[in-house]
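The structure appears below as structure tokens.
By convention in this document, chain letters (A, B, ...) are assigned in the order of the sequence lines, proteins followed by strands, and residues within each chain are numbered from 1.
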Amino acid sequence: MPPISEEDFPKIDAAMKRIVDAKLPFARRLASKDEALEFYRNEPYKTELIQDLADGTISLYTQGDFTDLCRGPHVPHTGFVKAVKIMKTSGAYWRADAKNAQLTRIYGTAFFDKKELSAYLNFLEEAKKRDHRKLGAAMDLFSFHDEAPGMPFFHAKGMAVWNALLDYWRLEHRRAGYVETKTPVMLNRTLWERSGHWENYRENMYTSVIEDVQTAIKPMNCPGGMLLYAMGHHSYKDLPIRAGEIGLVHRHELSGVLNGLFRVRAFHQDDAHIFMTPEQIRPEILGVLRLVDRIYSTFGLTFHLELSTRPKKSIGSEAQWKDATEGLAGALSEYGKPYKINEGDGAFYGPKIDIHIKDAIGRTWQCGTVQLDMNLPERFDLGYIGADNARHRPVMIHRVIYGSIERFFGILTEHFAGRFPLWMAPVQAIVLAMNDELAAYAAEVRSDLEESGLRVDLDARSESIQKKVRDAQLSLVPLILTVGAKEKENGTLSVRTLDGKVRYGVSREAFLNTVLGHIARREIGQDIFP
RNA sequence: GCCCACGUAGCUCAGUCGGCAGAGCGCAUCCUUGGUAAGGAUGAGGUCAUCGGUUCGAUUCCGAUCGUGGGCUCCA
């Protein structure tokens with residue numbers, strides 16, 4: 001039998017409709033394990049499931065001429081099913097284990113009524129319209145090439161957005177007492193053996209041998225950060241040290257998991273390592289949470305927090321874990337936002353707080369994470385001299401806020417559906433020349449505006465003004481500036497925003513005042529002019 | 001990595017049951033010189049992803065490879 005493909009979906013949908021229309025009752029029957037095994041003797045997968053069930057009675061549901069093994073409960077008859085649709089198919093491993101056979105899974109979805117189903121289909125449609133891969137290509141932000149799968153190329157316009165993100169990041173981090181560092185991308189094997197990555201993370205690492213020296217391209221920034229801290233001596237008076245790093249890391253992800261900017265093989269982390277005394281855990285974590293809040297709010301992103309505690313397989317003493325976990329929990333309760341606890345979901349080297357943001361269409365994404373690390377300071381024998389003149393082990397946290405900058409870029413593109421806030425828009429304004437005679441003047445206006453720091457394009461093509469407005473509008477440039485004879489005579493601009501409103505006769509001073517203020521405050525509203 | 005699908009112009013996509021490759025948009029040139037979502041004409045642009053096989057002949061059929069998409073698995 002050929003595998004089921006999308007061409008079969010209409011047939012399946014039609015068959016489901018017939019079954020629903022027939023209002024077939026679901027009959028529940030209890031069977032013993034032996035009876036059930038006998039009933040399904042020709043079905044190896046059912047047999048395996050039944051064998052794993054506890055002894056006792058097993059429930060079977062019959063509907064028409066089909067009987068299924070199911071714990072239930074079921075609705076009384078098939079007529080209760082109101083809105084179903086077959087969505088897609090894929091390969092799926094039996095019992096979710098890659099070592100097992102791969103079966104074809106058919107995905108369907110069901111709702112209480114047709115309205116909810118169509119709302120869901122609209123949501124999918126909306127998500128598709130916002131797809132950052134589509135917008136990224138259309139807006140000339142980034143691309144992928146066969147020569148480096150999973151490693152994005154950022155174009156000039158994409159870099160404008162990128163730099164806006166990083167300028168803002170650096171500003172907030174300076175204000176929060178961070179310094180910025182940079183460590184190499186390629187480091188010797190000995191370092192990775194010491195950090196434990198060689199043992200635990202090697203299959204994801206790109207390696208190379210040059211002049212008999214084995215090196216690896218870093219999949220994480222921490223080991224390099226350890227070397228920086230380990231230089232010289234540190235006094236308790238120097239702590240905490242907050243060292244940020246926009247680090248470029250490479251991870252060999254399986255080819256099948258690559259997905260636009262969301263899952264890549266080369267990306268930048270907005271990393272930071274904070275080295276501190278145990279007493280500083282709580283205030284430092286609190287500081288990170290406040291920074292996270294501040295930064296996400298700037299993008300209009302709400303978020304929730306999850307605390308993950310000690311897993312079964314882990315290192316460190318009970319007392320260390322207690323202190324660390326209480327430090328995180330204490331900071332969380334002082335911060336005051338409710339949080340969820342994931343028991344046993346922490347990293348093997350320490351507990352962590354994950355931050356999940358919610359975008360404009362309600363999807364959640366884990367971006368930020370704050371992890372306490374009781375492993376690396378040990379492995380790298382880090383120390384500081386305490387007030388008692390003795391050497392102590394610092395506590396360390398790793399934290400990211402954007403997470404992967406590439407991924408965050410993608411999330412923001414979809415969050416804003418390409419309509420970036422003015423401060424991060426790839427092109428902030430475009431000057432349209434009313435006709436050919438005004439092309440030179442329009443070019444002047446453009447360079448004047450560029451001198452004020454704006455990112456400005458020029459459209460002086462011999463096209464109708466309607467055409468140029470349409471193109472600018474479709475390319476999502478927030479400020480569309482038209483200069484004609486009147487504007488030239490009066491030194492004014494006509495300003496069109498993406499909502500289609502046009503203000504005529506705006507003086508350049510008034511324009512720059514409004515726009516530069518809006519940018520400096522990093523406002524996210526599209527209503528730039530009152 | 002695994003399953004399924006896909007890969008034709010810069011973009012979106014037709015098409016060829018095996019016989020000289022198509023449209024719209026974009027681009028170039030010319031005409032038009034306009035007041036806020038598409039003015040007109042002409043033209044250039046293709047190794048039909050790559051490699052191999054079958055065939056008189058392959059963009060089309062077959063195989064492999066690479067890449068992309070949807071999933072699975074993975075995700076310190």
Separation between the C1' atoms of B:U33 and B:C13, rounded to whole Å: 34 Å
B:U60 versus B:A49 - spacing of their C1' atoms, nearest Å: 15 Å
Side-chain N or O of [X] versus OP1/OP2 of [N]: is the shortest distance under 4.0 Å?
{"X": "A:Arg133", "N": "B:C11", "value": "no"}
{"X": "A:Arg496", "N": "B:A37", "value": "yes"}
{"X": "A:Lys467", "N": "B:G35", "value": "no"}

Counting any heavy atom closer than 4.0 Å, what does [X] reach on the DNA or RNA strands: base, sugar-phosphate only, or nothing?
{"X": "A:Leu254", "answer": "base"}
{"X": "A:Lys468", "answer": "nothing"}
{"X": "A:His398", "answer": "nothing"}
{"X": "A:Phe348", "answer": "base"}
{"X": "A:Gln466", "answer": "sugar-phosphate"}
{"X": "A:Glu487", "answer": "base"}

Assign each of A:Lys352 and A:Val483 to its nearest nucleotide of RNA chain B by heavy atoms, then name whichever residue's nucleotide is nearer the 5' end. A:Val483
Is it the case that the side chains of [Y] and [X] hold a donor-acceptor pair, with the cut-off being a distance below 3.5 Å and no angle test?
{"X": "A:Ser143", "Y": "A:His155", "answer": "yes"}
{"X": "A:Glu306", "Y": "A:His304", "answer": "yes"}
{"X": "A:Asn188", "Y": "A:Gln214", "answer": "no"}
{"X": "A:Thr183", "Y": "A:Lys218", "answer": "yes"}

If you check the [X] side chain, which of [options] turns out closest?
{"X": "A:Arg470", "options": "B:G70, B:A38, B:U73", "answer": "B:A38"}
{"X": "A:Arg263", "options": "B:G34, B:U68, B:C75", "answer": "B:C75"}
{"X": "A:Ser464", "options": "B:G39, B:G70, B:A37", "answer": "B:G39"}
{"X": "A:Asn259", "options": "B:U68, B:G70, B:A76", "answer": "B:G70"}

Starting from [atom2] on [N], measure out to [atom1] on [X] and report it in whole angstrom.
{"X": "A:Asp146", "N": "B:C6", "atom1": "CG", "atom2": "C1'", "answer": "14 Å"}
{"X": "A:Glu203", "N": "B:C75", "atom1": "CD", "atom2": "C1'", "answer": "11 Å"}
{"X": "A:Leu474", "N": "B:G24", "atom1": "CG", "atom2": "C1'", "answer": "15 Å"}
{"X": "A:Asp345", "N": "B:A76", "atom1": "CG", "atom2": "C1'", "answer": "12 Å"}
{"X": "A:Arg265", "N": "B:C74", "atom1": "CZ", "atom2": "P", "answer": "18 Å"}
{"X": "A:Tyr201", "N": "B:C75", "atom1": "OH", "atom2": "P", "answer": "10 Å"}
{"X": "A:Asp354", "N": "B:C75", "atom1": "CG", "atom2": "C1'", "answer": "12 Å"}
{"X": "A:Asp459", "N": "B:G35", "atom1": "CG", "atom2": "C1'", "answer": "15 Å"}

Under 3.5 Å, N/O pairs linking protein and nucleotides 27-33 of chain B:
unit_1, atom_1, unit_2, atom_2, d
B:U33, O2, A:Asp436, N, 3.0
B:U33, N3, A:Asp436, OD1, 3.4
B:U33, N3, A:Asp436, OD2, 2.8
B:U33, O4, A:Asp436, OD2, 2.1

For a side-chain contact (heavy atoms from CB on, under 4.5 Å) check, start with the C-alpha distance between A:Ile397 and A:Val288, then their side-chain angles and the critical distance, and finish with the verdict. CA-CA 10 Å; A:Ile397 62 182; A:Val288 172; 4.2 Å; yes
Does A:Glu318 come within less than 4.0 Å of A:Arg310, counting only side-chain N to carboxylate O? yes
Pair A:Asp471 + A:Arg461, salt bridge at N-O below 4.0 Å: yes
Examine the base of B:G67 for any acceptor or donor lying under 3.5 Å from a partner atom in the side chain of A:Glu147, and report the outcome as yes or no. no
Could you tell me which residues satisfy ring pair (Phe, Tyr, Trp, His ring centres under 6.0 Å) with A:Tyr201, sequence neighbours excluded, listed by chain and number? none
